[in-house]
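Just so it is clear, the structure is predicted and the values come from calculations on it, not from any experiment. Letters A, B, ... are given to chains in the order of the sequence lines, protein chains preceding strands, and every chain is numbered from 1.
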Amino acid sequence: MSRPKKTSVPELQSQLLTWFSRHRRAMPWRAPKGVRPDPYHVWLSEIMLQQTTVVTVGPYFTKFIQKWPTVQDLAKAKQDDVLAAWAGLGYYARARNLHKCAIEVTQKHGGAFPRTIEGLLELPGIGPYTAAAIASIAFDQPAVAVDGNVERVVSRFFAIGEPLPFSKEAIRKGAAELALGNPHPGDFTQAFMELGATVCTPRKPKCVLCPWREDCAALKKGIAEELPRKAPKPEKPVRYGKVFYFANGRGEFLIHKRQGQGLYEGLYQLPTTEWIANRAAARRLPPPVKAARLESLGAEVRHSFTHFDLILEIWTGHTKNTVLAGAAWVSAENLEKYALPTLMKKAIRLCSQGKPAKTA
DNA sequence: TATACGTGGAA
DNA sequence: TTTCCAAGTAT
């Protein structure tokens, strides 16, 4: 791979580490400079940070550490409680795997995380990036963690014009060339990502502040902001359905544990129809339980998922329920005990303030 | 290799 | 309003 100036790799590494020692941001999971972080903290934060911003993760991380100070504590928790604490963070498979992983680490590894990439990779929820991040940050092993930040930095540094995801292999090679042999793997991993997060940003990169500006091929070519190129994304379909707010006259309404696998698996929800592509057909869908006095609220919830947009009509009505698995009558005050996805919280909010559910 | 899997903030 | 995207993993 070609570079404009050809500063030696050890010198580049030194430049980045020096830059990081000055610009390292404080984060709840980050140990003070020079202090080895708790592997449990590193692991928990890395799982939470997958596809999620630092700002969003902060309060969740603090809450988890307070509730479950050690990996053994987390292993002892009920999955329902873990999901409830995770509610709102998204990608709930992460929370299910987090709990499984805590149990495995406690039962099969005596409460100590494996120190090698191979060992870490066997744990649920830990993939190539996270394994390398934990190995380097928690144990100072020479592992190269390639996340979205690093992909962007490397794409620009070497001016890799091939679009993602096809360029992944070239990026991995470039990242390894820049990282391998550095004297402080834990700091280097964090520095690499920090550079991407704060300087080598997706839009309007602050190239004048970059410790690698002299050697950056994309900057030299004037195409830094254009990289990395990405393959076009498929269009998002829209799906339609209804949700039902069944009140019981005592300030409570019905929720139940969602059945099946995949989306929102193991979380609670308002009773809902299927979510389908045909809007007219969706309007004719019946509720999942026998109900009386059904009435459209005249409101809808819109929610955008990664791979489809959703529009749900909100209905009120009455039911004796009894059919739905994992059903519970809840009031607005004890909702935080249940794992309710943001979509459902939006719907509930509209119901409880918009038109107070008519009571029996 | 491609697709499923959440959410909130910025431009 | 729409689009992009943020410390990816599982299948």
Donor-acceptor under 3.5 Å (A:Gln79 side chain, A:His99 main chain)
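Answer holds: no.
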Counting N and O atoms only, with roles assigned by atom type, does the side chain of A:Asn97 sit under 3.5 Å from a partner on the main chain of A:Pro124, one being a donor and the other an acceptor?
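A pair under 3.5 Å: no.
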Nucleotides bounding contact with chain A, strand DNA chain C, heavy-atom threshold 4.0 Å:
C:dC5 to C:dA10
Please report the interatomic distance NE2(A:His256) to OH(A:Tyr338), rounded to the nearest 0.5 Å.
13.5 Å
Review item, side-chain donor-acceptor pairs of residues 46-53 of chain A, under 3.5 Å, at least two apart:
residue : atom : partner  : partner atom : Å
A:Glu46 : OE1  : A:Tyr129 : OH           : 2.7
A:Gln50 : NE2  : A:Thr130 : OG1          : 3.0
A:Thr52 : OG1  : A:Met48  : O            : 3.3
A:Thr52 : OG1  : A:Gln50  : O            : 2.9
A:Thr52 : OG1  : A:Arg94  : NH1          : 3.1
A:Thr52 : OG1  : A:Arg94  : NH2          : 3.3
A:Thr53 : OG1  : A:Thr56  : N            : 3.4
A:Thr53 : OG1  : A:Thr56  : OG1          : 2.8

What interatomic distance, in whole Å, is found between [atom1] of [M] and the corresponding atom of [N]?
N	M	atom1	value
C:dT11	B:dT1	C1'	12 Å
B:dG9	C:dT9	C1'	24 Å
C:dA7	B:dC5	P	23 Å

NA contact type, A:Arg30, heavy-atom cut-off 4.0 Å: base, sugar-phosphate, or nothing?
base
Just checking A:Met344: base, sugar-phosphate only, or nothing, at a heavy-atom cut-off of under 4.0 Å?
nothing
Would you please indicate yes or no on a ring centroid separation below 6.0 angstrom for A:Trp329 and A:Phe253?
no
Same cluster or not: A:Ile117 versus A:Val150, using hydrophobic residues (I, L, V, M, F, W, Y) connected whenever any side-chain heavy atoms lie under 4.5 Å apart?
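Not linked; separate clusters.
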Can you say whether the rings of A:Trp43 and A:Phe113 are parallel (under 30°), tilted (30 to 60°) or perpendicular (over 60°)?
tilted
Starting at the 5' end of DNA chain C, which residue's closest nucleotide do you reach first, A:Ser45 or A:Gly125?
A:Ser45
Could you check A:Gly148 against A:Lys233 and say which one's nearest nucleotide on DNA chain C is further toward the 5' end?
A:Lys233
Does the Lys NZ or Arg CZ of A:Arg258 fall within the cation-pi geometry relative to A:Trp275 - under 6.0 Å from the ring centre and within 45° of the axis?
yes
Across nucleotides 1-11 of chain B, 5' to 3', mark each nucleotide with B, S or - according to how protein heavy atoms within less than 4.0 Å reach it.
---SBBBS---
